[in-house]
Amino acid sequence: MTLSLTVNGAPRTCAVASNMVLADVLRDALALRGCKVACDQGVCGACTVLVDGRPVAACATFAFTAEGRSITTVEGLAQDGVLHAVQTSFLENSAFQCGFCTSGMMLSIVALLRAHPAPDDATIRDWLAGNLCRCTGYAQIVEAVRHAVAAAVPERA
């Protein structure tokens, strides 16, 4: 089947099998490898992308469900060479170590800040419950979210 969708603001069309998941389309057909596949069951958050602005597990989402939808991957956060506020905050707060979970974390945080522009720590942790990180212990990640809120940089994604 042919899949037509918008990825990072650009219209895209590609051939997909009916059993293909969105993560495979993004990584293999569109060469957007920021979407990581770890658990392949939709529970770790490494494959998180935004579909119409909402976080979804791309490894557990059939590609055909993305027909006509807008997908944002970590590659689409920066605009015109300028990092998104969440990306900048992650860098400035050392909110990653190995980096495998980072793209999913960032996209979940972008969705969080759209829904709750000034979240408390409990809300931050609640929104990140579906994103597992074995390296950081989450303290730097929560601090990065606080920093992004305090910086009040206009959202570009």
Side-chain angles (χ1 to χ4, degrees), residues 5-12 21-61 65-66 69-157:
L5 63 164
T6 301
V7 180
N8 299 329
R12 303 295 294 261
V21 294
L22 184 57
D24 292 338
V25 171
L26 295 170
R27 292 181 57 77
D28 300 336
L30 301 177
L32 295 170
R33 296 199 170 80
C35 173
K36 306 296 185 200
V37 177
C39 71
D40 222 7
Q41 297 177 1
V43 296
C44 75
C47 67
T48 300
V49 298
L50 302 181
V51 176
D52 294 335
R54 294 179 174 218
V56 302
C59 77
T61 302
T65 66
R69 302 240 172 140
S70 178
I71 313 300
T72 303
T73 68
V74 71
E75 292 91 344
L77 290 181
Q79 297 293 310
D80 300 320
V82 178
L83 293 179
H84 186 281
V86 170
Q87 291 172 306
T88 300
S89 185
F90 261 64
L91 285 170
E92 291 175 355
N93 290 279
S94 301
F96 56 90
Q97 287 183 22
C98 81
F100 199 81
C101 68
T102 304
S103 59
M105 289 273 186
M106 286 184 186
L107 289 160
S108 291
I109 292 166
V110 168
L112 160 65
L113 295 179
R114 286 179 180 161
H116 303 280
D120 59 20
D121 286 2
T123 303
I124 295 167
R125 290 183 183 280
D126 184 53
W127 273 70
L128 291 177
N131 295 85
L132 303 180
C133 177
R134 294 179 180 209
C135 301
T136 66
Y138 300 93
Q140 298 99 322
I141 295 166
V142 172
E143 184 59 33
V145 177
R146 284 193 218 120
H147 183 262
V149 170
V153 176
E155 185 176 5
R156 296 179 303 270

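- Residues Leu77 and Val86 have side chains not in contact (no heavy-atom distance under 4.5 Å, counting atoms from C-beta outward).
- No side-chain donor from either of Asp126 and Thr123 sits under 3.5 Å from a side-chain acceptor of the other.
- Considering CG of Leu32 and OG1 of Thr73, their distance stands at 4.5 Å, rounded to 0.5 Å.
- Of the inter-residue distances, the one linking Leu5 atom CG with Arg12 atom CZ reads 8.5 Å to the nearest 0.5 angstrom.
- Taking 4.5 Å as the limit, some side-chain heavy atom of Asp121 sits within range of a side-chain heavy atom of Arg146.
- For the residue pair Val49 and Ala58, the shortest heavy atom distance occurs at CG2-CB, 4.0 Å.
- Contact annotation: the side chain of Arg27 approaches that of Lys36 to within less than 4.5 Å [non-hydrogen atoms, C-beta and beyond].
- With values rounded to the nearest 0.5 angstrom, Met106 atom CE is found 13.0 Å from Leu50 atom CG.
- Inter-residue side-chain proximity for Met105 and Cys133 is flagged as met; some heavy-atom pair is nearer than 4.5 Å.
- Between Thr61 and Val21, every side-chain heavy-atom pair lies at or beyond the 4.5 Å cut-off.
- Looking only at distances, a side-chain donor or acceptor of Asn93 sits under 3.5 Å from a matching main-chain atom of Ser89.
- Residues Leu132 and Cys44 form a side-chain contact, since some pair of their non-hydrogen atoms from C-beta on lies under 4.5 Å apart.
- Taking every heavy atom of both residues into account, Gly53 and Ala111 meet most closely at O-CB, 3.9 Å.
- Residues in residues 103-138 take part in these ring-ring contact (aromatic ring centres under 6.0 Å, His included) pairs, two or more places apart or across chains: His116-Trp127.
- No side-chain heavy atom of Thr72 sits under 4.5 Å from any side-chain heavy atom of Val51.
- Contact annotation: the side chain of Leu113 approaches that of Pro119 to within less than 4.5 Å [non-hydrogen atoms, C-beta and beyond].
- Counted by atom type alone, Gln79 and His84 present zero donor-acceptor pairs between their side chains at under 3.5 Å.
- Annotation for Ala148 and Ala85: closest pair CB-O, 4.3 Å, computed over non-hydrogen atoms.
- Screening Leu26, Asn8, Thr6 for a side chain to side chain contact (heavy atoms under 4.5 Å, CB included) with Ile71, the sole residue that qualifies is Leu26.
- Atom CZ of residue Phe90 and atom CD1 of residue Ile141 lie 5.0 Å apart, to the nearest 0.5 angstrom.
- In this structure, the side chain of Asp52 does not engage the main chain of Arg69 through any donor-acceptor pair within 3.5 Å.
- In the model, Asn131 has a side-chain atom that pairs as donor or acceptor with a side-chain atom of Ser108 under 3.5 Å.
- Taken from CD in Glu75 to OG in Ser103, the straight-line distance is 7.5 Å, to the nearest 0.5 Å.
- Residue Thr48 holds its OG1 atom at 15.0 Å from CZ of Arg54, rounded to the nearest 0.5 Å.
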